[in-house]
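Take a look at the structure below.
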Amino acid sequence: MSGEKRVAVLISGRGSNLEALIEAARAPDYPARIVLVLSNNPDAEGLDKAAAAGIETAVVDHRPFGKDRAAHERLIDARLRQSGVELVALAGYMRILTPFLVEAWAGRMVNIHPSLLPAFTGTDTHRRALDAGVKLHGCSVHMVTLGVDEGPIVGQAAVPVLEGDDAAALADRVLAAEHRLYPACLARLAAGSAGVQPAADAVLANPA
Ligand code: GAR
């Protein structure tokens with residue numbers, strides 16, 4: 001379909017959110033098409049999942065670049081442009097971006113984070129949510145801006161924290177919500193005009 005936005009998904013590992021996006025994008029009326037899956041990690045399991053779905057993959061290993069993060073990102077940026085990418089979805093991409101890539105894709109790059117932002121930015125979110133004693137936890141899809149995990153929120157999904165939860169049980173419940181939220185948010189962004197910040201109202205994807 002000619003109206004579909006060309007999307008690249010950036011991953012570092014397992015790629016379960018990627019799988020959810022691939023599955024959603026199979027629907028004929030889905031407004032985005034995943035044209036490239038790119039990883040900084042040559043061993044990312046998600047690369048095999050993308051290849052099995054017939055999607056082009058690329059590895060831009062960060063290790064040869066050492067501390068020169070921007071040089072790594074220049075290569076990523078070139079690869080994205082080579083595939084005619086219009087929107088970038090970070091899905092478990094575990095590198096902090098430099099201003100170079102953030103600015104190059106401003107308004108066109110989105111991330112999923114495993115907490116109800118602005119709570120619990122950074123890592124180890126499920127353990128920290130348990131330690132804080134919150135009764136609701138969840139995930140957020142947000143635009144990528146210079147502040148890590150700080151960009152405008154596109155959508156959020158909440159899950160309960162249950163008696164007896166450990167971090168793994170809570171992570172599983174949040175992940176199931178991520179798999180519903182991300183496709184809904186990406187569709188919303190893709191259906192809007194590229195380069196324009198989405199409206200501030202949230203997409204709510206409540207867990208079943
Ligand atoms: C997901 O839970 C995602 O929200 C999180 O990594 C996991 C990736 O899983 N992302 C971050 O923590 C980003 N700061 P996946 O590879 O199976 O999609």
Side-chain angles (χ1 to χ4, degrees), residues 7-25 32 34 36-53 55 57-60 62 69 73 76 87-98 101-102 105 109-132 134 136-159 161 165-186 189 202-203 205 207:
V7 173
V9 182
L10 266 55
I11 61 166
S12 295
R14 177 179 56 185
S16 72
N17 276 290
L18 165 68
E19 279 186 292
L21 293 174
I22 290 173
E23 190 52 41
I34 302 169
L36 180 69
V37 172
L38 187 151
S39 181
N40 65 303
N41 170 16
D43 301 321
E45 284 170 63
L47 288 169
D48 297 332
K49 293 171 180 170
I55 298 169
T57 62
V59 174
V60 184
H62 61 278
R69 289 171 174 265
E73 291 182 352
I76 292 176
L87 275 176
V88 177
L90 307 182
Y93 184 71
M94 303 308 273
R95 305 275 304 166
I96 291 178
L97 302 182
T98 78
L101 204 62
V102 172
W105 291 88
M109 185 184 275
V110 69
N111 180 45
I112 188 155
H113 181 77
S115 78
L116 291 173
L117 291 171
F120 311 121
T121 58
T123 57
D124 203 18
T125 56
H126 309 303
R127 160 64 43 216
R128 288 159 58 215
L130 287 173
D131 289 349
V134 296
L136 277 178
H137 185 41
C139 50
S140 306
V141 172
H142 66 94
M143 301 307 296
V144 175
T145 56
L146 291 177
V148 175
D149 302 328
E150 283 180 6
I153 292 169
V154 179
Q156 293 184 306
V159 302
V161 179
D165 269 351
D166 59 12
L170 188 53
D172 285 350
R173 195 173 306 120
V174 171
L175 194 64
E178 292 183 40
H179 296 163
R180 287 185 282 270
L181 180 69
Y182 212 175
C185 289
L186 186 66
L189 282 171
V203 171

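Position 1 is the first residue of the sequence; numbering continues from there. Start at 1 and go down the list; that is how both ligands and their atoms are numbered.
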Taking a 3.5 Å cut-off between nitrogen or oxygen atoms, can you list every pair linking ligand 1 to the protein, with distances?
| unit_1 | atom_1 | unit_2 | atom_2 | d |
| --- | --- | --- | --- | --- |
| ligand 1 | 2 (O) | E178 | OE1 | 3.2 |
| ligand 1 | 2 (O) | E178 | OE2 | 2.9 |
| ligand 1 | 4 (O) | E178 | OE1 | 2.8 |
| ligand 1 | 4 (O) | E178 | OE2 | 3.4 |
| ligand 1 | 9 (O) | R14 | NH2 | 3.0 |
| ligand 1 | 16 (O) | G15 | N | 2.8 |
| ligand 1 | 17 (O) | R14 | NE | 2.5 |
| ligand 1 | 17 (O) | R14 | NH2 | 3.2 |
| ligand 1 | 17 (O) | S16 | N | 2.8 |
| ligand 1 | 17 (O) | S16 | OG | 2.6 |
| ligand 1 | 18 (O) | S16 | N | 3.4 |
| ligand 1 | 18 (O) | N17 | N | 2.9 |
| ligand 1 | 18 (O) | N17 | ND2 | 3.0 |

**Prompt:** Do S39 side-chain atoms and V59 backbone N/O form a donor-acceptor pair below 3.5 Å?
**Reply:**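 It does not hold such a pair.
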**Asked** Can a donor-acceptor pair be found between the side chains of H126 and H137 at a distance below 3.5 Å?
**Response**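 Yes, because at least one side-chain N or O of H126 sits under 3.5 Å from a partner of the opposite role on H137.
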**Prompt:** Between S12 and N41, do the side chains contain an N or O donor and an N or O acceptor separated by less than 3.5 Å?
**Reply:**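 Absent: no donor and acceptor within the cut-off.
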Residues forming a salt bridge (charged side-chain N to carboxylate O under 4.0 Å, His left out) with [X], sequence neighbours excluded:
X    : value
R127 : D131
D165 : R173
E150 : none

